[in-house]
Each structure stands twice: as structure tokens, then as C-alpha cells.
Amino acid sequence: MSSIDPVPGRHDRHFCPCCGHTCDRWLDFSPTYRNVVCPHCNLQPRHRSLQLYLQTRTDFYTAKQKVLHFAPETVLRQAFAALPNLDYITADLNDPTVDIQIDITQIPFADDSFDVIFCSHVLEHVPDDGRAMRELFRVLKPGGWAFLQVPIDISREQTFEDDAIISPEDRDRFFWQFDHVRLYGLDYGDRLAAAGFQVKIEDFTAEVGAAAAEKYGLEPTEKLYFGVKPAAVEPTPTPQISVVIPTYNYGRYLTEAIESVLAQSEVAAEIIVVDDGSTDETRAVVQPYRDRIRYIRQENQGPSIARNVGLRHAQGKLILFLDADDRLLPNILAAQIDRFAADLDLNLVVNGWRLTNEQGDAIADLRLWESQLDLTLASFLKWRPVLPSATVFRRSSLENIGGFDASLRYAEDVECILRLMLNGGKADWLKKIGVCYRQHPHALTRNLDAQIRSFEQMYDRFFAQSNLPKPVQELECESRYCLLVWLAWRLQSVDRLDEMADYLQRSLLYTPFSPVETIADWMRFFSAAARTNGNSFSSYALTQTPQWQQLVRRAIAYRPPRVSVVIPSYNCAAYIVEAIESVLNQTYESVEAIVVDDGSTDNTRELLEPYAARIRYVYQENRGVASARNRAIHLARGELIALLDADDYFLLDKLVHQVAVFDAQPQVGLVNSGFRIVDSDGVARAEMKWWYITPLSIENWFLHKPVLPSAMMFRREWLVRVGGFDPRFPPAEDVDITLRVVLAGCQSAWLPEITVCYRVHDFSASSKSTPKTARSMQGVLDQVFDRLDLPESVRKLESQSRFQTYVWLAWRLYQSHHYREMQEQLEKSLRSTPFSPAETIAYWSDRFKLYAIGFGYDFEVQTLISLPEWKTATHAAIATQKLAVLMPQT
């Protein structure tokens, strides 16, 4: 070790101890960080401070040391690698030139491996810096030290983190650099201490003096952070459970919460208090416990982020989030741990809770397992038996789903559990009262509107997901009914009766009961909810209010619509309004319109806002028209389902005439009709009067497939019976479901009228016919003709059905200029043609002309036959005859 003195014989203004060069001035690092960079080695003040510190305050250059260096700077790396006394290893996550590429949160070295670790300006890039710190501590030898420098905002008391800040521009603005994930404050030393380090903060620049600082280009305000692993580290048992206590200005209750954890007998529990920017006495309250808890302070960012911070620092295999105003009852943690030990597949366990008043006096015990026997995804969706303080998670399960969603301030606990259960989680009850849940005065009124919005948003987002299994999708109606009734009860409990009535009125859209049964269910729910929350409730008083009486009159008079019009929409803003208006203007009145927005990125939602009171609008992530239709069918209240594509529109009497067919023929489950083909502006091009295909027998459906969704109406029971639309066959899912319905025994009938306008435009399905269309139709035919229960009369039609389908597909591909694929379909038709080659070619040409005229397209046979692909297909047809002649007769 040596002292720092001006270098004799040097007459230049500055000297870089890292590379040994002199210079007249340092270079600028950025417009705001000027006069700092060595022009020879490009290193900055922090590197020069470290080099001088190593030279003058340590035996680094002489003692035998095993060293691990993360993200090594080139000049320092070369210098350290040349030292004969060092066993020097370089590491980085992405740099392929280092000795070992590793993740700093999973260091692949044994405990107590290194004497020295360099980790300068790395942790601010690491999402889980707490885990990284613990790993650095683990691999450091007792008595070893680590240089753990990070950028620190010395004007900031606590570190600033926000998971919602993700864009490079925002990170640069809030965290000082585009790839930083936080901005450290003066609590950085506390964070290192929480990982086990004895923290040594060296004000090295002040120690060497102003003259040396000027000479060597040191930063006046920067301190050096070192973490030392104590020479004799007591082995700390891994906690069985981590209790995370997020708190914001609950210092008056916090002592009671901490003491209730410390009092748990025979349990190795760690306590992590995450102070979410409290301005009360919280810091003073935790001070006496600093040797028994881990205290983390952050700027106020809400309970979700506070819980996620606790999750990142937790070491127990189990984790409980205890609200700071609640308290655990004796021995509950041991019982929870035993419950997990008895079933290793469990991901979360919920116990009962005791309601208390603000002073802690008992109001009621909630034993929800007595009415909700199984904790399934369905029960969490419908009843939300969730209280964070009463729920223990397997920590790895929470980590796997990414913790809590910070965007849902008041529903994040329910959403987290729903996400966990959706990912295969298993939950169960611990049938024991385990926590006191404190009720505060005016707790129901505080932020109630925000809470209601948060829950509605959460349910909207949940059912909008593209990966929902079908059984989960089918829970939507019942779940929304239960949510709306619960929100109505919340509003009733604070005397907002007008809004209560509105929510109960909305619940009629989803109720599985008759109007009278629904009214009785509302009252049962309100009474049970009041008991559960320790509230008084008078059913008689509620029934005497004008809001309830008016609601009951409306509910009794309410009749579900007989017809539900299902409108899937994806980026169809140009036409969606006309489609909806055509439904709302029908002469038939008992109708509802259900629009399922399948992930549109245009202004569909904004266009439909004026219709909010007259239609049912739901949004989902884009997953295709089959899924959108299925979701609408699940939500539909009508006995009859009319399908309407968003770019088509009904004629005025469409519904009334189709319903009349159902009324006249009760045995019928499907009514079909004709349609008018119009262009993008609604100008008529042709009319399709397919009712010449009669009767609508199974055989005729398979031969001719007269399917246009917007022209059809189904009894809902048949669509449900066959399992809805199959998303494997876009855009042939309509043909598929129709064939499955008639095979299931559904009788069908014609309404011999034009009922709908079918729009053909540049972006319509018919205009975009592609090889995918052909593959889907091929898949439909393969699936249906592989059925073992296929009637013999239909099986005999397979060859004819395939032949006609391939020719139809060939025309569609020709019309959309996919000529090579057209050729493939024509050649496929040769395998099942009932005609001679010459007759087959003539049939192809005649059908192309017939289809074109029928759909209002121009057709020139000379254009068709001049195509090379057409000529190839005709040569293939002729070749089949020659091949047949050459084949020996058997």
C-alpha cells in the first residue's frame, strides 16, 4: 500500500492511473457528463478511484487472491489478468469474450469461492438485484470483499423502481440510461446489508484531497461501496416461510403485525417489511426490529409493486403477504407449512379469517369452506374467496407467473390467483381461523369507484385472453353475474341505491335464473355478504326503497330476447356501424346484438361507444372468428342465434320472417335463406337464391354446402350441443359446424327470401381466398368422412362431394389470382370425377362461368384457358385417360 502524491516529473495536468498516460483534459462522456473520460483508455472517474484504492488501500497487487470480475472493463481486465498473484476469472451475461457467460442471479460456483469480486455498474441492469446480491454474497469467501458500485442519485432517499417503465426512452428519463431498470438512492447500502454484507462506504475522493482528485480526475461526490462477508458467518437456516408486510402509512398497526409473526412457534420465518413510501412513523416503528426483519423502503408505487419487491427478496419456499393492519393468530404458520407438506402439489392454501373492528375487537369468524367446498378456478372466478393475509403461496408458483399485476390497483390479489389457477395451480382450504382482518371506518367508501372499475377491468381482461380453455370460456356468464351482484351489494352497503339498481339490472343479462328466481337470489346474496363482512342488513328496509321496488317491476317485466345476433368483428370499422344499425332497425323486437371485437386495432371500440346501451360489446385478444362467435354464443340469452359478419347487413324483415319459420316448424333447428351480393359501397351485383336445393336433407348439405353464416339462423341448443365452431378450420368453420349440426340430427328448412346483403370487397373473406381456405376445407372433408357414425347414404356421396368441392375451391382460387393452387385443386378433382376427361374439363369451364355469373363477376373463358396452369391441369386430365388405357385389365 502507498500514499497518493502528485507524480514526480509529470508536467501534464492530468494522469490516468488505469493506463499510465497523461493528458491536458479529459473527454466528455455525454452532454451532461463532461470532462471525465480518459482519452487513452476511455475509463471514467469510478475506474480511476478503484485503481487508486486498490493500489493504496489493499494488498490486491501482492496477495494470492481468487477474483471474479463481472462486466470487466478492457483496460482493467488486461491489467488484472497479467498479475501473477491472481486466479482471475471474468464473467458476463452477453459478452462472448469473457471466461464464462453466466446470469448473475444464478452464479455457477460453490459457496465461499472467491476472495474478491468486482461488480461495477451491473446491478442497475438486473431486474432481480436482491437475488443477485445474495448470490454474490454466497460465492464470496468469509473475510472476502466485493466492489459493488452503482449509479446513485444522492438527492434521492430511496431507490426508485417501477415495473411499468419499460421503453428505452422512459428508462433513460427516469433511470438515467435506456437499459437501466431502477435508479438507486441513498438506501443502496441498506439493500446490500439485506443480502448479508457488512457494507463499507469509502469517501475516497475526500480522503485523497482536492489536489489529487484534480490530478487523477476523481468525482467529488462519488463514494465507493464495498460489501464484506464477515469472517465468521453464522449459518442461517433457510426460512420455511417468508412473510412480506407491505405498508403505507400504517405505522400505528405495524408493530402488532410484526409481533404476530415473531410469536409464531416452531417456525423458521423471515419477515420482510416493504415500506411503500410512508410519511408517518413507520421507519421509527421498525427500528427496534432491524436485527430480526429485513426493511426495504421504496417510493410510493402501490401494493402490487411492494408485494413484488418482497417476492424478489424472499428466500422461503412459501410466502405470505400480511397486510400491515392485520395480525396472525398463534400457530397458523406452522399449520400452513404442515398443509403444504401433506400435499406437494399445492400452490396456495387459504385459511379462514376473523373480522375485527379498528380497535381489534372480534366481529365475526369467516369459515368460507363451509359454503365453498372446492377452491377451483371456477370458485375463484365466481366468489373470489381471497384475502392476502389469509393466503399462503408456494413462492416458485408466484415467480413462474410473474407476481402481481401493478396495473390493477384494487383487484391485483384476485387477478394473481386467477392467473395462477389458469396455469394449472392447485388450491385448498386450511380449515382454521388464522388471521385477524381489521375493518376501518369508511373502508367501503374509500376509493369504491376505483375498486369497481378495477374489478370490471380485471374480468374484461381475463375473458379477453386468447389462451382460455373452452371450459373456462363457458364460465363467463355465471362469473359476470356473480361479479355484478357483488358490486351491487358493495354499492347498497354505502347507500348508493340508484347505482346498485343499475348493476342488478345489468346482471339480468347474465343470470341463469328466471326473473323471480333472480330477485330472490339477489336478496340471498346481499344477506350472505352482509353476514360475511360483519354488516347489519335489513331485507325489509331494502324492499321498501323506491329503487328496489322499481327494479323489481323492471325485472319481473323483463323477458330475455328470443334472438341473439352474433357479430364477430376484426378491424371492420368501415362497415360495423351499418351492420349494427341493420339489427337495431329490424321489425322484430325481441332481439339483442352481441359484438365480439376480436382484437381490432382500428377505431371499432370508439365507433361503438354511442351504442353502449343498445348492444353488448366485449373485447378479446385476437384468436379468430370461430372463437369470437363461440364467445358470443356463450353470452347469448336468445333461444335463436342469428349470425352476422361485421361487413354484411340484414334486410329489414330478416329476423321476423326467419323466426316465423321456426314457429311454424318447431322441429326445425336451422333456417337458411338467400342473400344479395353487394360491393364495398352496397351496390347490388347478384342474388343467390339457393332454395332450389331442396329438400335441405343431409345428403344435399354434403353435396352442395349452401352455407353463408349471415343468411342462417340456428336454435342455440344445436350450436351448443356440437361444441360450437371449430377454430382449426378458418375460414371454413361455418361449413364444418353446419355439417356437424345436421349430422347430429338437426332438421333444417328454407326461408325462400333474400334476407341479407353479403358484401364483397378487397378485404372480405371471398376476396382473400387463399391456399389456407383450400386446406381448411380439405380438413373439414377429411374429418367428416372419417367419422365412424357417418350415415351410409352420406358415405356414398364422398367422391361426388369432394369433386364438387375441389372445383368450387379452384374457382375461388382463380378469382383471387392463386393460379398454381387453382391447378392443384383441379388435379385433385380428377381423383373423384364421375366424368370422362373431356367431360371433366368441360364441367370445370362451365362451373367457373356459372360461379362467376352467380357472384356478379366478369368472366372470359379465353382468359381462363390461356393460363399455363389451366393448360397443365387439362393435360393432367387427358393423361389420366391414356394411363387408364395402358393399365392391364384385372
Can [X] and [Y] be counted as having a side-chain donor-acceptor contact under 3.5 angstrom?
X: Y216; Y: H14; result: no
X: D59; Y: T62; result: no
X: T90; Y: D99; result: yes
X: R327; Y: T255; result: no
X: S397; Y: N400; result: no
X: D275; Y: T282; result: no
X: D129; Y: Y184; result: yes
X: Y248; Y: N300; result: no
X: R297; Y: Q158; result: yes

With a 4.0 Å cut-off, would you call [X] and [Y] a salt bridge?
X: D112; Y: R138; value: no
X: D111; Y: K141; value: no
X: E270; Y: R294; value: yes
X: R394; Y: E399; value: no
X: E214; Y: R13; value: yes

Is the Y88-F118 ring centre distance short of 6.0 angstrom? no

Does the side chain of [X] reach to within under 4.5 Å of the side chain of [Y], using non-hydrogen atoms?
X: T391; Y: V349; answer: no
X: V37; Y: L43; answer: no
X: Y61; Y: L54; answer: yes
X: P151; Y: H180; answer: yes
X: E124; Y: V181; answer: no
X: L322; Y: V244; answer: no
X: E222; Y: T205; answer: no
X: E135; Y: I104; answer: no

Does atom CZ (F174) have a neighbourhood of more than 12 heavy atoms from anything else shown, all under 6.0 Å? yes

Please say whether the positively charged group of [X], taken as NZ for Lys or CZ for Arg, lies over the ring of [Y], i.e. under 6.0 angstrom from the six-membered ring centre and within 45 degrees of the axis.
X: R182; Y: F175; result: no
X: R307; Y: F404; result: yes
X: R34; Y: W26; result: no
X: K66; Y: F114; result: yes

Gap separating the [atom1] atom of [X] from the [atom2] atom of [Y], nearest 0.5 angstrom:
X: D115; Y: Q65; atom1: CG; atom2: CD; value: 5.0 Å
X: D128; Y: N308; atom1: CG; atom2: CG; value: 10.5 Å
X: S600; Y: Q620; atom1: OG; atom2: CD; value: 10.0 Å
X: I165; Y: L183; atom1: CD1; atom2: CG; value: 10.0 Å
X: L254; Y: I258; atom1: CG; atom2: CD1; value: 4.0 Å
X: L186; Y: D153; atom1: CG; atom2: CG; value: 8.0 Å

Using atom types as modelled and distance alone, determine if a side-chain donor or acceptor of [X] lies under 3.5 Å from a backbone N or O of [Y].
X: H40; Y: T22; value: yes
X: D276; Y: T247; value: no
X: T56; Y: L52; value: yes
X: K229; Y: F137; value: yes
X: E202; Y: L224; value: no
X: D460; Y: Y619; value: no
X: E256; Y: Y253; value: no
X: S389; Y: D323; value: yes
X: S454; Y: A450; value: no
X: R623; Y: A464; value: yes

Atom of [X], atom of [Y] and distance for their closest heavy-atom approach:
X: V98; Y: R77; value: CA-NH2, 3.5 Å
X: E73; Y: S120; value: OE2-CB, 4.1 Å
X: G316; Y: R395; value: O-NE, 2.5 Å
X: L408; Y: M458; value: CD1-CG, 3.7 Å
X: S304; Y: D405; value: OG-O, 3.3 Å
X: E412; Y: Y410; value: OE1-N, 3.5 Å

L320 and Q336: side-chain contact (heavy atoms from CB on, under 4.5 Å), yes or no, with the steps? CA-CA 10 Å; L320 168 70; Q336 285 279 20; over 6 Å; no

Between C16 and C41, is a side-chain contact (heavy atoms from CB on, under 4.5 Å) present by the stated rule, with each step listed? CA-CA 9 Å; C16 177; C41 66; 3.6 Å; yes

Should Y295 and Q287 be marked as a side-chain contact (heavy atoms from CB on, under 4.5 Å) after you check the CA-CA gap, both sets of side-chain angles, and the distance that decides it? CA-CA 9 Å; Y295 175 68; Q287 193 59 38; over 6 Å; no

Residues in side chain to side chain contact (heavy atoms under 4.5 Å, CB included) with T105, at least two apart?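 Per chain and number, T105 pairs via side chain to side chain contact (heavy atoms under 4.5 Å, CB included) with D103, V126, R131, A132.
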
Test S242 against L318 for side-chain contact (heavy atoms from CB on, under 4.5 Å), laying out the working first. CA-CA 6 Å; S242 299; L318 305 178; over 6 Å; no

Give me the one residue out of Y53, F197, F204 that meets ring pair (Phe, Tyr, Trp, His ring centres under 6.0 Å) with F226.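 Output: one option passes, namely Y53.
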
With ring pair (Phe, Tyr, Trp, His ring centres under 6.0 Å) as the test, would you mind laying out the steps for F147 and Y225 before giving the verdict? CA-CA 6 Å; F147 179 62; Y225 280 76; 9.3 Å; no

